[in-house]
Structures are given as C-alpha cells and as structure tokens.
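Each residue takes its place number in the sequence, starting with 1. Only this structure's heavy atoms are used, side chains among them; waters, hydrogens and symmetry mates stay out.
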Amino acid sequence: MELFFKTMGEGQTLLILHGLFGSGDNWQTLARFYAEDFQVYLIDQRNHGHSPHTSDHSYELMAHDLEELVESEGLTDFHLLGHSMGGKTAMKFASENGYLLDKMLIADMAPKSYPVHHHA
C-alpha cells in the first residue's frame with residue numbers, strides 16, 4: 001500500500017507514526033522543531049488521513065506498509081518514533097527490520113496485548 005506522507009527538514013531521517021484516529025498532521029508542531037536537525041517524515045498509516053482506506057487493518061499489514069515506504073524511499077539507518085498504535089506498528093516493523101533502524105522511540109505503548117476499548 002502506498003502511504004501518504006509529508007517531509008520537512010534535512011539531516012538524518014526521522015519517521016513518525018501517529019496513534020489511532022490520528023494522522024501525520026497531529027505531529028506537525030513537533031516535526032517543525034525536529035526538522036531543525038532531521039529530515040522528518042510525517043506518515044499517515046493505512047485507514048488514516050490521506051492514505052488509502054481498506055477493510056484490512058492489522059499491525060502486520062501496517063508494518064508491511066512501512067517496510068514498502070522505507071524501501072521505496074531507499075531509507076536506512078533512520079530513527080523511528082511511534083505513538084500508541086504507531087508504537088505497535090513500529091515494534092512490529094523493528095521485529096522484522098531492526099537492522100534498518102538507528103534508534104527507535106515508542107510513546108504511550110508497551111509490547112503487550114491491550115483490551116479493546118474503542119468501538120467504531
């Protein structure tokens with residue numbers, strides 16, 4: 001799946017994955033600050049923001065989407081920041097592709113199962 005993203009800044013790459021019901025735009029204020037030192041990618045994950053929407057939604061698929069973006073952009077040795085749902089996606093991505101990462105930061109999420117508490 002071809003994900004929508006915006007970039008800003010120059011330097012080592014920092015990819016940002018938003019949380020559930022969010023989009024890359026949620027991180028614009030901090031991204032402007034980070035862009036003073038990094039090339040920041042604000043990514044809309046599948047079924048969010050401007051990225052394609054489909055009935056398929058899993059962390060495996062979202063990690064694969066990220067892998068496709070990383071490959072198409074030719075990225076290696078990058079930083080990955082994931083918040084909430086984006087943190088779960090980042091952890092899944094790192095479990096298969098950790099060799100591509102320099103550093104990873106997970107905010108508001110742990111590598112465990114959580115009970116369902118959001119209903120559509």
Side-chain angles (χ1 to χ4, degrees):
M1 175 173 289
E2 190 171 327
L3 299 177
F4 176 85
F5 63 90
K6 296 178 187 175
T7 62
M8 60 179 73
E10 294 181 10
Q12 188 172 13
T13 302
L14 167 63
L15 306 181
I16 300 178
L17 298 175
H18 61 81
L20 185 64
F21 304 124
S23 71
D25 286 347
N26 296 130
W27 285 85
Q28 282 195 78
T29 300
L30 288 172
R32 281 192 287 273
F33 174 75
Y34 299 150
E36 294 175 13
D37 299 303
F38 296 94
Q39 180 185 28
V40 180
Y41 279 68
L42 293 171
I43 302 166
D44 286 353
Q45 295 187 84
R46 76 169 43 220
N47 299 324
H48 292 79
H50 298 290
S51 283
H53 289 239
T54 176
S55 59
D56 297 325
H57 191 85
S58 70
Y59 290 111
E60 291 79 13
L61 288 171
M62 290 187 289
H64 181 71
D65 296 342
L66 180 59
E67 183 179 356
E68 286 181 355
L69 185 147
V70 164
E71 185 177 298
S72 71
E73 291 291 303
L75 303 176
T76 59
D77 196 38
F78 56 87
H79 299 307
L80 180 58
L81 187 161
H83 171 250
S84 192
M85 178 189 76
K88 285 270 198 179
T89 302
M91 288 184 276
K92 183 65 177 168
F93 174 85
S95 72
E96 303 286 327
N97 303 285
Y99 63 93
L100 293 170
L101 299 173
D102 181 19
K103 293 183 174 72
M104 182 170 73
L105 175 66
I106 307 302
D108 196 26
M109 185 55 63
K112 66 175 198 125
S113 294
Y114 287 89
V116 174
H117 63 279
H118 291 288
H119 299 283

Over 60° means perpendicular and under 30° means parallel, so classify the ring planes of His79 and Phe38, tilted if in between. perpendicular

Verdict with reasoning, Asp102 to Gln12, per side-chain hydrogen bond (donor to acceptor under 3.5 Å, both in side chains): CA-CA 10 Å; Asp102 181 19; Gln12 188 172 13; 3.0 Å; yes

Working to the nearest 0.5 angstrom, can you tell me the gap between [X] [atom1] and [Y] [atom2]?
X      : Y     : atom1 : atom2 : result
Glu71  : Leu66 : CD    : CG    : 11.5 Å
Leu80  : Ile43 : CG    : CD1   : 7.5 Å
Asp108 : Met85 : CG    : CE    : 12.5 Å
Ser51  : Glu2  : OG    : CD    : 9.0 Å

With hydrophobic residues grouped by side-chain heavy-atom distances under 4.5 Å, do [X] and [Y] end up in a single group?
X      : Y     : result
Leu105 : Met91 : no
Val70  : Leu61 : no
Leu42  : Leu75 : no
Leu3   : Leu15 : yes
Phe5   : Ile16 : no

Taking the side chain as C-beta and beyond, is there a heavy-atom pair between [X] and [Y] under 4.5 Å?
X     : Y      : answer
Lys92 : Glu60  : yes
Leu17 : Phe93  : no
Thr89 : Gln45  : yes
Asp25 : Gln28  : yes
Thr54 : Asn47  : yes
Trp27 : Val40  : no
Lys88 : Met62  : no
Phe78 : Leu101 : yes

Is there a donor-acceptor contact under 3.5 Å from the side chain of His48 to the main chain of Ser23? no

Among residues at least two apart in sequence or on other chains, which ones pass side-chain contact (heavy atoms from CB on, under 4.5 Å) with [X]?
X     : answer
Glu36 : Phe33
His50 : Phe4, Asp44
Ser55 : none

Within the 3.5 Å criterion, strictly below it, is a donor on Asn26 or His18 matched to an acceptor on the partner's side chain? no

Going by atom types only, do Thr7 and Gln39 share a side-chain donor-acceptor pair under 3.5 Å? no

For Gly19 and Ser84 the tightest heavy-atom approach is CA-CB, 4.0 Å

Could you walk me through whether Met8 and Tyr41 pass side chain to side chain contact (heavy atoms under 4.5 Å, CB included), step by step? CA-CA 7 Å; Met8 60 179 73; Tyr41 279 68; over 6 Å; no

Is the shortest distance from a Lys or Arg side-chain nitrogen in Arg46 or Asp56 to a carboxylate oxygen in the other one below 4.0 Å? no

